[in-house]
Q: 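My questions will all concern the structure given below.
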Amino acid sequence: MPPLIDAATRELLLANGREPERDHHPVLKLFNPMGPATWLICAMEADGDTLYGLCDLGFCEPELGYVSLDELKEVSAGLAIGLERDLSFRGTHPISVYAQAARGAGRIVELGKGPDMNPRG
């Protein structure tokens with residue numbers, strides 16, 4: 001199973017984490033291909049584990065917050081098909097714009113491209 005975060009993405013997330021006051025664009029989209037959970041990640045703290053972004057666990061209440069990379073890896077390992085990284089994702093707006101749209105829709109939505117970003121429809 002490929003890593004959830006490659007070296008180049010890790011460096012970008014760490015750089016964003018050094019500027020927590022900025023409204024960064026998400027650089028990583030992770031999702032559960034067999035369930036409703038999706039994460040848009042825009043920053044990583046210096047500890048290399050604490051990620052910041054928009055978290056949608058499928059309960060119609062997406063929220064901005066922190067998530068542990070180690071916990072995501074643990075969740076991934078426990079799934080029949082692990083968490084996947086959307087390699088085609090490119091964050092086109094600041095994370096606050098994704099959060100506002102997600103709160104209105106009750107899920108993470110694609111901005112300017114159609115229905116939603118949940119690969120399961």
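Residue numbers run from 1 in the order of the sequence given. Heavy atoms only: backbone and side chains are in, while hydrogens, waters and symmetry mates are out.
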Q: Between S76 (side chain) and G82 (backbone), is there a donor-acceptor pair under 3.5 Å?
A: no
Q: Could you work out, with side-chain contact (heavy atoms from CB on, under 4.5 Å) as the rule, every residue matching E74, not counting sequence neighbours?
A: none
Q: Let me confirm one number: the CG-SG distance from L51 to C42, rounded to the nearest 0.5 Å.
A: 9.5 Å
Q: Side chains of D56 and T38: do they bring a donor and an acceptor to under 3.5 Å?
A: no
Q: Using the test salt bridge (charged side-chain N to carboxylate O under 4.0 Å, His left out), find all partners of R22 that sit at least two apart in sequence or belong to another chain.
A: E19
Q: Who pairs with R85 by side-chain hydrogen bond (donor to acceptor under 3.5 Å, both in side chains), at least two apart in sequence or on another chain?
A: D6, T9
Q: Can you measure from CG (L111) to NE2 (H93) and round to the nearest 0.5 angstrom?
A: 5.0 Å
Q: Using a 4.5 Å cut-off on heavy atoms from C-beta on, say whether the side chain of I81 contacts that of E84.
A: yes
Q: Which pairs pass side-chain hydrogen bond (donor to acceptor under 3.5 Å, both in side chains) with one or both residues in residues 57-68, sequence neighbours excluded?
A: D49-S68
Q: Write down the atom of P62, the atom of A102, and the distance for their closest heavy-atom approach.
A: CG-O, 3.4 Å
Q: Search all heavy atoms of F89 against all heavy atoms of L40 and return the closest pair with its distance.
A: CZ-CD2, 3.8 Å
Q: So do the side chains of I95 and L64 get within less than 4.5 Å of each other, counting heavy atoms only?
A: yes
Q: What are the two closest heavy atoms between L4 and L28, and how far apart are they?
A: O-CD1, 3.8 Å
Q: Could you give me the CA-CA distance, side-chain angles and deciding distance for K29 and I108, then say whether side chain to side chain contact (heavy atoms under 4.5 Å, CB included) is met?
A: CA-CA 11 Å; K29 177 186 171 190; I108 293 176; over 6 Å; no
Q: What residues, two or more places apart in sequence or in another chain, satisfy side-chain contact (heavy atoms from CB on, under 4.5 Å) together with L57?
A: A37, W39, F59
Q: Look up atom OH in Y98 and atom CZ in R103, then write down how far apart they are to the nearest 0.5 Å.
A: 14.5 Å
Q: Quick one: side-chain contact (heavy atoms from CB on, under 4.5 Å) partners of L12, sequence neighbours excluded?
A: N16, V27
Q: Scan for ring-ring contact (aromatic ring centres under 6.0 Å, His included) pairs involving residues 6-27, sequence neighbours excluded, and state none if there are none.
A: none
Q: Partners of A105 by side-chain contact (heavy atoms from CB on, under 4.5 Å), sequence neighbours excluded?
A: R107, V109
Q: Answer yes or no: is there a side-chain heavy-atom contact under 4.5 Å between D86 and F31?
A: yes
Q: For Y52 and E45: C-alpha separation, side-chain torsions, deciding distance, then whether side chain to side chain contact (heavy atoms under 4.5 Å, CB included) applies.
A: CA-CA 8 Å; Y52 179 77; E45 293 196 2; over 6 Å; no
Q: Looking only at non-hydrogen atoms, find the nearest pair between P94 and P26 and report the distance.
A: C-CD, 4.4 Å
Q: Considering non-hydrogen atoms only, spot the tightest contact between L14 and A46 and give its length.
A: CD2-CA, 4.1 Å
